[in-house]
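Okay, so here's the structure we're looking at.
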Amino acid sequence: MEVPRSLGAFPYRRVVIVCPWCPRRRGSYDTERLIERLGPRASLEDVLLALVACRWPKAWGKRGPSQYVPWCRARFADLGGRRPPDRDVPGA
């Protein structure tokens, strides 16, 4: 499965976010509601920035030059797996 670049191309009904550094950080969001809120053209990086409020000093995608400063490691749980898509995505 090709990795989607926008929220409108997300192949699952639920957007599941997890973080290996924050054991209680789990989120499950309805894809249709996120499309209504952020729009179908929102990039997946923008979706993470909108949904994750991390305690680490660097926001997701804004890592500084120091390799020792911790940064947020929130990610989409379903992407990159072998699970088949839940919904029909136009153009996919």
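The first residue in the sequence is number 1, and the count goes up from there. Only this structure's heavy atoms are used, side chains among them; waters, hydrogens and symmetry mates stay out.
Two residues are said to be in side-chain contact when any heavy atoms from C-beta on lie closer than 4.5 Å; Val16 and Tyr29 fail this criterion. Residues Leu79 and Pro4 are in side-chain contact: their nearest non-hydrogen atoms beyond the backbone lie under 4.5 Å apart. Inter-residue side-chain proximity for Pro40 and Ser6 is flagged as unmet; no heavy-atom pair is nearer than 4.5 Å. The closest side-chain heavy-atom distance from Leu38 to Asp46 is not below 4.5 Å.
The environment of Arg14 atom CZ is dense: over 12 non-hydrogen atoms of other residues, nucleotides or ligands sit within 6.0 angstrom.
Here the options are Asp30, Asp78, Leu34, the test is side-chain contact (heavy atoms from CB on, under 4.5 Å), and the partner is Val15; only Leu34 passes.
Contact detail for Val47 and Ala42: the closest heavy-atom pair is CG2-CB, 4.4 Å. When all heavy atoms are compared, the tightest approach of Phe10 to Leu44 is CD1-CD2, 4.1 Å.
Between the side chain of Thr31 and the backbone N or O of Tyr12 there is at least one donor-acceptor pair closer than 3.5 Å.
Note: Arg41 CZ to Ile35 CD1 = 13.0 Å, rounded to the nearest 0.5 Å. A distance of 9.5 Å separates CD in Glu45 from CZ in Arg5, rounded to the nearest 0.5 Å.
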